[in-house]
Amino acid sequence: STLFPYTTLFRSLVSILSSTLAPHVTKMSMDTNGNHVVQRCLQHLPADSVQFVFNAVEADVLVVTRHRHGCCVFQRCIDAANETQRAELVGQVLHHVIELMQDPYANYVVQYVLERTTRAECRALLHRLRGGLAELSMQKFSSNVVERCLQAADAGDLEWMVAELADPGTLRALHVLCDGGVLLVGSSEPHSRLDMRGPCAIHLQHPSLECGSVAFDLIQLHGRVANV
């Protein structure tokens with residue numbers, strides 16, 4: 001019985017807080033001081049009490065995630081969300097993943113999601129990149145996400161991803177010099193998901209490819225591009 005007045009008071013205070021802050025969440029998320037207030041709300045209030053924060057960042061995902069403070073707020077949202085809220089946040093990232101990957105701040109949001117996503121969500125994200133993976137791998141910020149994608153992918157997705165990255169046209173653009181015309185994608189793990197006798201050994205026999213003594217560090221999947 002003694003808990004009831006405090007519970008009622010707490011709910012009243014949260015209601016006042018949410019109604020006061022709700023119209024300003026996006027702006028606060030990008031403010032040097034305001035972003036800390038939003039993050040504290042996420043850290044110390046129940047997930048259902050900060051739905052107003054999730055609503056704001058989902059509505060303005062391209063604005064919030066592409067800001068140096070906003071991207072941190074979005075990551076805290078992922079941490080604080082319940083399963084339903086997290087799925088909605090991840091859905092927004094998937095919908096805008098190409099744009100987010102190429103941004104100096106939002107690319108960290110995509111990487112953060114990849115580390116905490118379900119297998120189904122990870123696969124959905126990867127397939128949104130299909131056909132554009134090579135171009136994204138050659139850009140400053142999205143290349144970091146591509147590397148993270150390679151680490152998160154399962155064997156089925158790795159096959160098409162490696163094949164897309166190892167396309168001769170891609171390698172020409174990267175100015176890859178492959179000794180003997182063979183690029184080996186190796187692994188330092190005892191039980192590699194890539195078989196060196198299978199699709200892992202990619203033979204690059206193309207007249208326009210210049211062969212030299214350098215193996216380009218194309219992908220790192222707990223492994224390396226090996227010298228041959």
Exercise. Determine which pairs satisfy salt bridge (Lys or Arg N to Asp or Glu O under 4.0 Å) with at least one residue from residues 26-47, sequence neighbours left out, and list them in order.
Key: none
Quiz prompt | D157: partners by salt bridge (Lys or Arg N to Asp or Glu O under 4.0 Å), with sequence neighbours left out | solution = R123
Quiz item: Would a 4.5 Å heavy-atom cut-off, applied to side chains only, mark L45 and F10 as touching?
Solution: yes
Quiz prompt | E99 side chain to L62 backbone, donor-acceptor under 3.5 Å | solution = no
Quiz item: Among the clusters formed by ILVMFWY side chains lying less than 4.5 Å apart, do Y105 and V110 turn up in the same one?
Solution: no
Quiz item: What are the two closest non-hydrogen atoms of F52 and V25, and how far apart are they?
Solution: CD1-CG2, 3.7 Å
Quiz item: Where is the tightest heavy-atom contact between S19 and P23, given as atom of each residue plus distance?
Solution: O-CD, 3.6 Å
Quiz item: Mind checking what makes salt bridge (Lys or Arg N to Asp or Glu O under 4.0 Å) contact with E121, not counting sequence neighbours?
Solution: R86
Quiz item: Is the closest side-chain heavy-atom distance between V61 and F74 below 4.5 Å?
Solution: yes
Quiz prompt | Contacts of type salt bridge (Lys or Arg N to Asp or Glu O under 4.0 Å), residue R148, not counting sequence neighbours | solution = E115
Quiz item: Side chains of N35 and S29: donor-acceptor distance under 3.5 Å anywhere?
Solution: no
Practice problem: Please name the pair of heavy atoms, one in Q139 and one in E135, separated by the smallest distance, quoted to 0.1 Å. | Solution: CG-O, 3.5 Å
Quiz item: Is the count of non-hydrogen atoms from other residues, nucleotides or ligands lying under 6.0 Å from H95 atom NE2 greater than 12?
Solution: no
Practice problem: Could you verify whether a donor N or O on one side chain and an acceptor N or O on the other, from D103 and Y108, lie under 3.5 Å apart? | Solution: no
Quiz item: Do V109 and V93 have side chains that get closer than 4.5 Å, going by heavy atoms?
Solution: yes
Practice problem: Go through the structure and list residues passing side chain to side chain donor-acceptor pair (under 3.5 Å) with Q75, not counting sequence neighbours. | Solution: none
Self-check item: Other cluster members, V63 - Ile/Leu/Val/Met/Phe/Trp/Tyr, side-chain contacts below 4.5 Å
Solution: M30
Self-check item: M161 to A153 - nearest heavy-atom pair and separation
Solution: SD-CB, 3.7 Å
Quiz item: Quick one: does L150's side chain get under 4.5 Å of L165's, heavy atoms only?
Solution: yes
Practice problem: Evaluate the side-chain proximity of V53 to C77: yes if any heavy-atom separation is below 4.5 Å, no if none is. | Solution: yes
Self-check item: Test item: W160 and L133 side chains (from C-beta on) under 4.5 Å apart, heavy atoms
Solution: yes
Practice problem: Taking the side chain as every heavy atom from C-beta outward, state whether V146 and M101 have any pair of such atoms under 4.5 Å apart. | Solution: yes
Practice problem: Could you walk me through whether V37 and N33 pass the side-chain contact (heavy atoms from CB on, under 4.5 Å) test, one step at a time? | Solution: CA-CA 7 Å; V37 176; N33 300 310; over 6 Å; no
Quiz item: Say you draw a straight line from NE2 of H36 to CE of M28; how long is it, rounded to the nearest 0.5 Å?
Solution: 11.0 Å
Exercise. Heavy atoms only: give me the nearest V73-L42 pair and the separation to one decimal.
Key: O-CD1, 3.9 Å
Quiz item: Does the Q85 side chain pair with the main chain of N82, one donor and one acceptor, at a distance under 3.5 Å?
Solution: yes
Practice problem: Kindly say whether Q43 contributes a backbone atom to a donor-acceptor pair with the side chain of R76 at under 3.5 angstrom? | Solution: no
Exercise. Keeping the roles fixed (side chain from S142, backbone from Q102), state whether a donor-acceptor pair exists under 3.5 Å.
Key: no
Practice problem: Hey, could you give me the CG/CD distance between D154 and E159, rounded to the nearest 0.5 Å? | Solution: 11.0 Å
Quiz item: Is the backbone of P104 close enough, under 3.5 Å, to the side chain of N107 for a donor and an acceptor to pair up by distance?
Solution: yes
Practice problem: Tell me, yes or no, whether the heavy-atom count around R68 atom CZ, taken from other residues, nucleotides or ligands under 6.0 Å, exceeds 12. | Solution: no
Quiz item: Are the side chains of V145 and C149 in touch, meaning some heavy atoms are under 4.5 Å apart?
Solution: yes
Exercise. Output, in order, the C-alpha distance, side-chain angles, deciding distance and verdict of side-chain contact (heavy atoms from CB on, under 4.5 Å) for L89 and V57.
Key: CA-CA 8 Å; L89 291 166; V57 298; 3.8 Å; yes
Exercise. Would you give the length of the straight line joining atom OG of S49 to atom NE2 of H44, rounded to the nearest 0.5 angstrom?
Key: 14.0 Å
Quiz item: What's the shortest heavy-atom distance between A47 and A80, and which atoms?
Solution: CB-O, 3.6 Å
Quiz item: Hey, quick one: are F141 and L125 part of the same hydrophobic cluster, counting side-chain heavy atoms closer than 4.5 Å, chains of contacts allowed?
Solution: no
Quiz item: Out of curiosity, L94 CG to L100 CG, how far, rounded to the nearest 0.5 Å?
Solution: 10.0 Å
